[in-house]
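What follows is one structure encoded as structure tokens, with my remarks underneath.
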Amino acid sequence: MQHPDFLIDSQDKSLFIHNVNIAPLSKGITDDDLLYNASIAIENGDIVWLGKGKPPEQYSSFEQIDGSNQWLLPAFIDCHTHLVFAGSRAHEFEMRLTGKSYEEIANAGGGIVSTVRATREASEQELYELTTKRAFKWLAQGVATIEIKSGYGLDIESELKMLRVARRIGRDNAIDVATTFLGAHALPPEYKENPDAYIDLVCEEMLPAAAQEELVDAVDVFCESIGFDLAQTKRVLSKAKSLNLEVKAHVEQLSNLGGSELAAKLNALSVDHVEYLDEAGVKALALSGTVATLLPGAFYFLKETQKPPVQLLRQYNIPMAIATDFNPGSSPIASVQLMLNMACTFFALTPEEALLGVTKHAAQALGKEHSIGTIEVGKRAKLALWDIEHPRHLCYEFGISQPELMIV
Ligand code: NIG
Ligand code: FE
């Protein structure tokens, strides 16, 4: 498939963008943090210089790009998605509109397991084509890095199939993909009577096989009443650690099982959802430096009323990431900009916090803060140019702007 023509691949190129306003997002979006009327030099995909005023002579031979006085931001990072799946759950949406809850639908054999049926049936090529189409929608909105989880296969072959598709998407396209193994997403029907035997399978066969094929950057578990309990979560994440893999977890989404504390003790990169997180959990995150990833799309789509403890997260200096959680059940919403807006309107984040949530802190949630997420010398040049008045407009407006240009 052809890449959109607003994309510039900066590999093997020397680029110089002048007449541009830069929001590096290494700190925030106050006037002191922003560079007005600046320029930036890029060599072989790396940022080599940025600043205001007259640039060093050596960059005059670089290919020149006029930034048209627009705003350059780090390309967005969507650090939590379930982009690979087949089928739809529109009928469950209708059921929820007439009063059935997400848990009731899951307990009656629908929910995640119904997407598992459709995903198992789809061929690897079909899944690849479905996911490629989706990935292009992310690129078009200024996203250069996306995390993709497995978790709709729930048997060895189908989990490997999902992860191979995720890897291929990253290889074949201008978007970078971080893969996450989520074999412990739900209990497959064939293990209904014996959840621990399924965890044996995940730990002893699925995860080692996926790691062996180098398909796994991190390991996740759905720690919840309709997912897996603390002891099961601990087994999977500990196994991941023994294979030298990073860990993260879906925790405290519908209730508080103490998953955040457990994940923090295992030095998780992030804990995700966290609507029901309490102060003990927040303190544990502070000790381990774990990111709290907020998912306003799932909060909205499930009509949740419990909000994540943003004030406590601020008090303990926990970095907050924001992601779409794109999936067919709890967040079929493919828009990072809508997440920025919802993080502000629902969770009372400031536009500055929200923007850091899809750049710097999202990079941290993927363990990639040394190479992406901010505009600084030494980082990879993954950038988006926006025709906006000020960076805060990306949180304020929705459905208006798309990036004018992306450097990847
Ligand atoms: O992040 N919480 C668990 N997993 C997904 C939902 C998956 C689904 O419903 O298909 C989530 O919300
Ligand atoms: Fe999720």
Side-chain angles (χ1 to χ4, degrees), residues 78-93 95-96 100-120 130 134 146-154 158-159 162 166 178-188 218-229 232-233 236 247-257 259-260 263 268-277 291-304 306 308 321-334 336 339 342 362 365-366:
D78 195 353
C79 68
H80 180 143
T81 85
H82 306 251
L83 206 72
V84 180
F85 62 86
S88 115
R89 304 244 290 280
H91 57 292
E92 291 183 7
F93 175 55
M95 285 164 77
R96 285 199 298 106
K100 285 252 178 310
S101 75
Y102 184 64
E103 286 102 315
E104 280 166 346
I105 294 169
N107 289 331
I112 293 172
V113 165
S114 79
T115 300
V116 170
R117 283 190 288 271
T119 305
R120 282 181 178 174
L130 281 170
R134 292 178 192 134
I146 186 169
E147 183 254 21
I148 302 181
K149 301 177 195 293
S150 70
Y152 291 124
L154 311 187
S158 313
E159 285 291 301
M162 289 187 72
T179 57
T180 299
F181 171 78
L182 180 55
H185 192 195
L187 196 59
V219 175
D220 192 345
V221 176
F222 186 22
C223 180
E224 189 55 67
S225 52
I226 57 167
F228 295 92
D229 67 20
Q232 293 162 337
T233 303
V236 178
V247 300
K248 44 178 60 227
H250 283 72
V251 293
E252 274 73 85
Q253 180 186 9
L254 309 167
S255 62
N256 186 327
L257 298 189
S260 297
L269 288 175
S270 71
V271 289
D272 301 39
H273 287 289
V274 300
E275 279 87 342
Y276 288 81
L277 179 64
V291 174
T293 300
L294 311 183
L295 305 170
F299 172 89
Y300 155 77
F301 197 70
L302 296 183
K303 295 207 264 179
E304 181 57 68
Q306 172 88 17
I322 309 290
T324 61
D325 191 18
F326 182 76
N327 74 73
S330 70
S331 188
I333 306 173
V336 171
M339 298 306 137
M342 285 178 169
L366 298 179

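What you see below is based on every heavy atom in this structure, not just the backbone, and it leaves out hydrogens, waters and symmetry mates. For ligands, and for the atoms within them, numbers begin at 1 and follow the listed sequence.
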List-wise, which protein N, O or S atoms are found short of 2.8 Å from the Fe ion (ligand 2)?
His80 NE2, His82 NE2, His250 NE2, Asp325 OD1
To the nearest 0.1 Å, how far is [atom] from its closest protein heavy atom, and which atom is that?
atom	result
atom 11 (C) of ligand 1	Asp325 OD2, 3.2 Å
atom 12 (O) of ligand 1	Ser330 OG, 2.5 Å
atom 7 (C) of ligand 1	Tyr152 OH, 3.2 Å
atom 4 (N) of ligand 1	His185 NE2, 2.8 Å
atom 2 (N) of ligand 1	Gln253 OE1, 2.8 Å

According to the side chain to side chain donor-acceptor pair (under 3.5 Å) rule, which pairs have a member within residues 101-111, sequence neighbours left out?
none
Any heavy atom of Thr115 sitting closer than 4.0 Å to ligand 1?
no
Heavy-atom pairs closer than 4.0 Å: do any link ligand 1 to the side chain of Glu224, the backbone, both, or neither?
neither
Test Tyr276 against every option in Glu252, Gln253, Glu304 by the side chain to side chain donor-acceptor pair (under 3.5 Å) rule and name the one that passes.
Glu304
Select the closest option to atom 6 (C) of ligand 1 among Phe299, Tyr102, Phe222, judged by heavy-atom distance.
Tyr102
Calculate, to the nearest 0.5 Å, the distance between atoms [atom1] and [atom2] belonging to [X] and [Y] respectively.
X	Y	atom1	atom2	value
Thr115	His82	OG1	NE2	10.5 Å
Asp272	Ser260	CG	OG	9.5 Å
Ser330	Glu92	OG	CD	11.0 Å
Thr180	Ile148	OG1	CD1	9.5 Å
Tyr152	Ser158	OH	OG	14.0 Å
Ile226	Ile112	CD1	CD1	6.0 Å

By number and element, which atoms of ligand 1 are closer than 4.0 Å to a non-hydrogen atom of [X]?
X	result
Arg89	8 (C), 9 (O), 10 (O)
His273	1 (O), 2 (N), 11 (C), 12 (O)
Asn327	5 (C), 6 (C), 7 (C), 8 (C), 9 (O), 10 (O), 11 (C), 12 (O)
His80	1 (O)

Phe228: which residues meet the ring pair (Phe, Tyr, Trp, His ring centres under 6.0 Å) condition with it, sequence neighbours left out?
none
Listed by chain and number, what are the salt bridge (Lys or Arg N to Asp or Glu O under 4.0 Å) partners of Asp220, not counting sequence neighbours?
Lys149
Mind checking whether Leu269 and Val291 have side chains closer than 4.5 Å, heavy atoms only?
no
I'd like to check Asp325 versus Met339 (side-chain heavy atoms, cut-off strictly below 4.5 Å). Are they in contact?
no
